[in-house]
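Start at 1 and go down the list; that is how both ligands and their atoms are numbered. Along the sequence shown, residues carry numbers from 1.
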Amino acid sequence: EKGGYDWFMLKEIEEQPEAIAATLLGRLTDSGEIMLDEVRLSDQDLRDVDKVFIVSCGTSYHAGLVAKYAIEHWTRIPCEVELASEFRYRDPVLDRSTLVIVISQSGETMDTLMALRHAKEQKARVLAICNTNGSTIPRESDAVLYTHGGPEIAVASTKAFLTQVVACYLIGLHLAQVRGIKYADEVAAVVDQLQEVPGKLRALLDRIEPVRQLARELKSAPTVLFIGRHVGYPVALEGALKLKELAYVHAEGFAAGELKHGPIAVIDQGTPVICVVPSSAGRGMLHDKVVSNIQEVRARGARTIVIAEEGDQAVLPYADEVIYVPRTPTLLAPLVTTVPLQVLAAEIAAARGHDVDQPRNLAKSVTVE
Ligand code: M6R
């Protein structure tokens, strides 16, 4: 049932183009409208929203962190992202016009479920993004958007993450359309770009072999750091989480701009630093800032492994290795840049002799608080 793969995780990584296509299926019209009637929140409800919270755990939390950039940009509604295990213990400000989006692959995560119940007690509207039909979290929510990613067996979340990001984006675009925002052209363009993502992912996965090779080289590294800015920052956090949970290697993700405020001190001769570089189109400044951060870590002895878009020559002087990914607009970039990090973590774990699908100390769904 692993379809010829050694591990479910590798199969699930390969399934990502189809998983994203499934999340989009039937939800976009030819004229670029987002169709989310299934969500059961009226247009009036959505127009009344004045604050969005995204609440989740682990990889699902990272999906929320990515989504915040897009939702705030498209809708101009303030959006906060919070770990479910922290959310309800700090008395968050919630009322009828707050939309709480809970994200959970399994739909059974206890921390997320308790946060959901707290939000409902405070009269907020709760919308679940979930991959598991009929599970507890969507059943207790006011509304649900299923990701339709198909079963995810490996403990490490891969296709669920990408489909969660896409589902959040559909909600953000829908909110923007319902509320009649000023970025109508941009929203239409994003709808087109989203539909190109599965093809781009296929192309990326078809030439992923160099990442496997790199994994074998990195297998003995005692620590691996990940840096990124903007949506690349949560991608860095996700890359580090994958490596920790699968390879049992110390790994940390940083906002690239924070390095000089402390973390750069840990960089030693040969420390691998995986650098997630944004597109040079559009937000060019962001790109140049990350390139200078790469320069800084390299000057301290880091071995720099750079994830950049095809054709980006500017990174070459500072990169020990470059992994090129298809060109993708900044907000959609996490849908491609995350994939080499998933492969890297799985292959390092395998090279170290670990069970890639069932890492020690972890369960697929965490049903205790
Ligand atoms: O089922 P959920 O999405 O609620 O699970 C949340 C986390 O437990 C989960 O994403 C966990 O962090 C993964 N093992 C990460 O790969």
(request) Please say whether S104 places an N or O atom under 3.5 Å from an N or O atom belonging to ligand 1. (result) yes
Quick test of your reading of the model: are R327 and E196 salt-bridged, counting only N-O distances below 4.0 Å? no
Counting from 1 in the order shown, the ligand 1 atoms closer than 4.0 Å to a non-hydrogen atom of A156 are 16 (O)
query = K242: heavy atom below 4.0 Å from ligand 1, yes or no?
reply = yes
closest protein heavy atom to atom 16 (O) of ligand 1 is E245 OE2, 2.3 Å
Q) Can you tell me if NZ on K364 sees more than 12 non-hydrogen neighbours from other groups inside 6.0 Å? A) yes
among protein heavy atoms, the one nearest atom 9 (C) of ligand 1 is T59 N, 4.1 Å
Indicate yes or no: does E18 engage R202 in a salt bridge with an N to O separation below 4.0 Å. yes
request  = Could you tell me whether some N/O pair between T112 and ligand 1 is separated by less than 3.5 angstrom?
outcome  = no
Taking only non-hydrogen atoms of S60 and a 4.0 Å limit, the atoms of ligand 1 in range are 2 (P), 3 (O), 10 (O)
Notebook entry, point to check: Is the shortest N/O to N/O distance between L241 and ligand 1 below 3.5 Å?
Noted result: no
Carboxylate-amine/guanidinium proximity below 4.0 Å for E72 and K68:
yes
**Asked** At the 4.0 Å heavy-atom cut-off, does C57 count as touching ligand 1?
**Response** yes
SB check R117 E121 (cutoff 4.0 Å) = no
- Task: Test the R352-Y248 pair against the cation-pi criterion, namely NZ or CZ under 6.0 angstrom from the six-membered ring centroid and within 45° of the ring axis.
- Result: no
salt_bridge(R207, E310) N-O dist < 4.0 Å:
yes
query = Are Q164 and H62 close enough that a side-chain donor and a side-chain acceptor fall under 3.5 Å?
reply = no
Candidates I137, T109, V366; heavy atom nearest atom 2 (P) of ligand 1 found on T109
among protein heavy atoms, the one nearest atom 13 (C) of ligand 1 is V155 O, 3.8 Å
